[in-house]
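The shown structure was predicted, so the numbers you read here are calculated from the model rather than taken from an experiment. Just so it is clear: chains get the letters A, B, ... in the order the sequence lines come, proteins before strands, and each one is counted from 1.
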Amino acid sequence: MTSTPAAPDAPPAGLLRLQVLTKRADFLRASRARRVAMPGFILQARAGNGTDHVRIGYTCSKKVGNAVARNRAKRRLREIARLVLPHDGTVGTDYVLVGRANVTATRPFDLLVSDLRDALGRMT
RNA sequence: GCGGAAGGGCGGAUGGCCGCUUGGGGACUAACACCCCGAGAGGAAAGUCCGGACUCCAGGAAGCAGCGGUGCCGGGUAACACCCGGGCGGGGCAACCCGACGGACAGCGCCACAGAAAACAGACCGCCUGACGCGCCCGCUUGCGGACGCAGAGGUAAGGGUGAAACGGUGGGGUAAGAGCCCACCGCCGGGCUGGCAACAGACCGGGCAUGGCAAGCCCCACCGGGAGCAAUGCCAAAUAGGGACCGCGUGCCGGUUUGUCUUCGGGCAAUCGGCGGGGCUGCUUCUGCCCCAGCAGGUCCGGGUUGGCAGCUAGAGCGGCACUGGCAACAGUGUCGCGAGAGGAAUGGUCAUCUCGGGGCGGGCAACCGCCCUAGACAGAAUCCGGCUUAUAGCCUUUCCGCGCGU
């Protein structure tokens, strides 16, 4: 994969498009698949979703905190997914990012981004 | 200046880059792909505790029962358990604060511990009187008198002590000692009078006092309330099914008309109309209405199914500012200006700078203060929508009032 700098550029046309998971069943399937724990989050990935898209879901349980803390953690996870997955994701895979209490909302953003790249590297 | 009381307001700002949801517009047949413009979390969005709007269900109305709620009075409001004003009680020097604040002669129940006694009177320690007699002392006229103590019995509830509460309180008179036994004041009860819309207050007259507390135990009284909730509800599409079992009520009666059909020409059967009857529609009753009577409106259970999209969905008892009018006020009216999220695994952001307010650290200085560095830092995220209440909250700004001290 070409590692374009984490530039705040829009993903160029032609790169992978993301779809958001909405079905509870998809989340349950992903949670039973491979997982990689990182300091800022946990990545779950399940190949073969039967589509030609990269699909992504976010989970922040009540353990992460109150509603404000959960929303903030989810937004940061969404942002790193938006920056990394169109370049480094694998077609036909469902990814689920799970937030962690205190860490996901406070870890420096560039570390969070490199965490996701490392996690994807370990998956393959 | 110090200490205190009651409110009101705010709750970071600006910019760059990259995004999300949505309204409008743009060339195009269209798709959600692109471009432009606009909008996009709170004072509590929270707890889900009250009150409503709205939707569906119970056919409608009234009464009764049951259940739930409210509970000093008046006003405000769509409504409220909210708000405003007033009354009463309690706290505070005061500003001010607090109050489940209707009824204990409708009835039942309860009043722990302590205490003699806890609701109807009673008497533990006491106080007072004191028969018969006993003890002891004194006097002398030597068997009489007197003092004291004990004491059967009686009077009393002042004092002690217990308690949340002890059968009105304080003072005086009175008495053997005492007691509303009598008197004054206070309290209480009753009565009318005056003021007030009222809660209530005031003075007056009468009564020696009868009526302990708990209604936050049941209860009584007055007033209010049908149930479930936007996962309500409606529509569309797909998939599955085009069901089964049991219970209940029941296989009606009379009359008319026409049509069809059968006829042994009497009529029968079916359809149709009217009446009666039966059944169903909220726990009961009444009135009214609707439906059903050949299978079905109704009930219970089993099986199957239980996904997606659209609407509801944000402009309404709207909210806020200012001015005027009415009102002590809450609030109402009129005019004018401004604001006005609409997601749906759930948008309203991510990140980087700069600034400002507070906070922290270091250095200089007796101090006021000055310089440098670090740090947006409290509670917290709309979920149908409004009005309240309650709870959480770093820090900042501000108004009025009270007490004390100082100065004029």
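- Using N1 to N3 plus N6-O4 or O6-N4 for Watson-Crick, or N1-O2 and O6-N3 for G-U wobble, each under 3.5 Å, B:C64 pairs with B:G283.
- Distances shown here put every side-chain N or O of A:R82 at or beyond 4.0 Å from the OP1 or OP2 atom of B:G349.
- Under the Watson-Crick or G-U wobble criterion, with both distances below 3.5 Å, B:C2 is paired with B:G403.
- When Watson-Crick and G-U wobble pairs are counted only if both distances are under 3.5 Å, B:C319 pairs with B:G338.
- Distance A:K74 NZ to B:C20 P: 18 Å, rounded to the nearest Å.
- Glycosidic torsion of B:A216 falls outside 90° of 0, placing the base in anti.
- Taking every heavy atom of residues 96-109 of chain A and every atom of RNA chain B, pairs under 4.0 Å involve A:F109, by number.
- Rounded to the nearest Å, the gap between the C1' atom of B:G187 and that of B:G212 is 16 Å.
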For residues 64-71 of chain A, which side-chain N or O atoms pair as donor and acceptor with protein atoms under 3.5 Å away, sequence neighbours left out?
from, atom 1, to, atom 2, distance (Å)
A:N66, OD1, A:V68, N, 3.3
A:N66, OD1, A:A69, N, 3.1
A:R70, NH1, A:G65, O, 3.0

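- If you check every strand for non-hydrogen atoms under 4.0 Å, A:R75 touches a base.
- Base pairing analysis places B:U233 opposite B:A311; the two distances defining the Watson-Crick or G-U wobble pair are each below 3.5 Å.
- Shown here, B:A30 is classed anti by the O4'-C1'-N9-C4 or O4'-C1'-N1-C2 angle, which is more than 90° from 0.
- Residues A:I80 and A:L77 have side chains in contact (heavy-atom distance under 4.5 Å, counting atoms from C-beta outward).
- Rounded to whole Å, atom C1' of B:G345 lies 13 Å from atom CZ of A:R55.
- Residue pairs that meet the salt bridge (charged side-chain N to carboxylate O under 4.0 Å, His left out) test with at least one member in residues 95-114 of chain A, sequence neighbours left out, are A:R107-A:D115.
- Separating the P atom of B:G160 from that of B:A116 is a span of 16 Å, rounded to the nearest Å.
- The residue A:R78 sits close only to the backbone: its heavy atoms come under 4.0 Å of sugar-phosphate atoms, none of a base.
- Under the 90° criterion around 0 for the glycosidic angle, B:G23 counts as anti.
- Each of A:Y58 and A:R72 was assigned the nucleotide of RNA chain B with the nearest heavy atom; the assignment lying further toward the 5' end belongs to A:Y58.
- Pairing of B:G107, defined by two Watson-Crick or G-U wobble distances under 3.5 Å, is identified with B:C218.
- Between A:N66 atom CG and B:A45 atom P there is a gap of 17 Å when expressed in whole angstrom units.
- If you measure from atom NZ of A:K62 to atom C1' of B:A46, you get 12 Å, rounded to the nearest angstrom.
- Distance, A:L77 CG to B:C20 P: 17 Å, rounded to whole Å.
- Contact check for A:V98 versus A:T104: no side-chain heavy atoms found under the 4.5 Å cut-off.
- Look at the P atom in both B:C319 and B:G43: the space between them is 15 Å, to the nearest Å.
- Here B:C17 presents its C1' atom at 12 Å from CG of A:L83, a figure rounded to the nearest Å.
- Pairing for B:A297 is absent, with no Watson-Crick or G-U wobble pair whose two atom distances lie under 3.5 Å.
- B:U240 sits 45 Å from B:C284 when the C1' atoms are compared, rounded to a whole Å.
- Straight-line distance from the CG atom of A:D110 to the P atom of B:C352: 8 Å, rounded to whole Å.
- Atom name P, nucleotides B:C18 and B:C35: the rounded distance is 11 Å, in whole Å.
- Glycosidic conformation of B:G154: anti, with the torsion beyond 90° of 0.
- Nucleotides B:U375 and B:G344 are separated by 39 Å at their C1' atoms, to the nearest Å.
- Between B:C83 and B:A100, the distance separating the two P atoms is 12 Å to the nearest Å.
- Within the 4.5 Å cutoff, the side chain of A:M38 has no heavy atoms near those of the A:L43 side chain.
- Separating the CD atom of A:E79 from the P atom of B:C18 is a distance of 12 Å, rounded to the nearest angstrom.
- The partner of B:G154 is B:C128, judged by Watson-Crick or G-U wobble contacts that both fall below 3.5 Å.
- Across all strands shown, the partner of B:A46 is B:U390, judged by Watson-Crick or G-U wobble contacts whose two distances both fall under 3.5 Å.
- By the 4.5 Å heavy-atom criterion applied to side chains, A:T90 and A:L120 are not counted as neighbours.
- Distance check on atom P: B:G360 versus B:A368 gives 15 Å, rounded to whole Å.
- At the heavy-atom level, A:N71 lies under 4.0 Å from base atoms of the strands shown.
- No continuous path of ILVMFWY side-chain contacts below 4.5 Å connects A:V103 to A:Y58, so the two sit in separate hydrophobic clusters.
- For the side-chain hydrogen bond (donor to acceptor under 3.5 Å, both in side chains) test, residues two or more places apart in sequence or in another chain that qualify with A:E79 are A:R82.
- No donor-acceptor pair closer than 3.5 Å links the side chain of A:R55 to the backbone N or O of A:G92.
- Exactly one residue among A:V96, A:D94, A:T93 makes a side-chain contact (heavy atoms from CB on, under 4.5 Å) with A:R46. That residue is A:D94.
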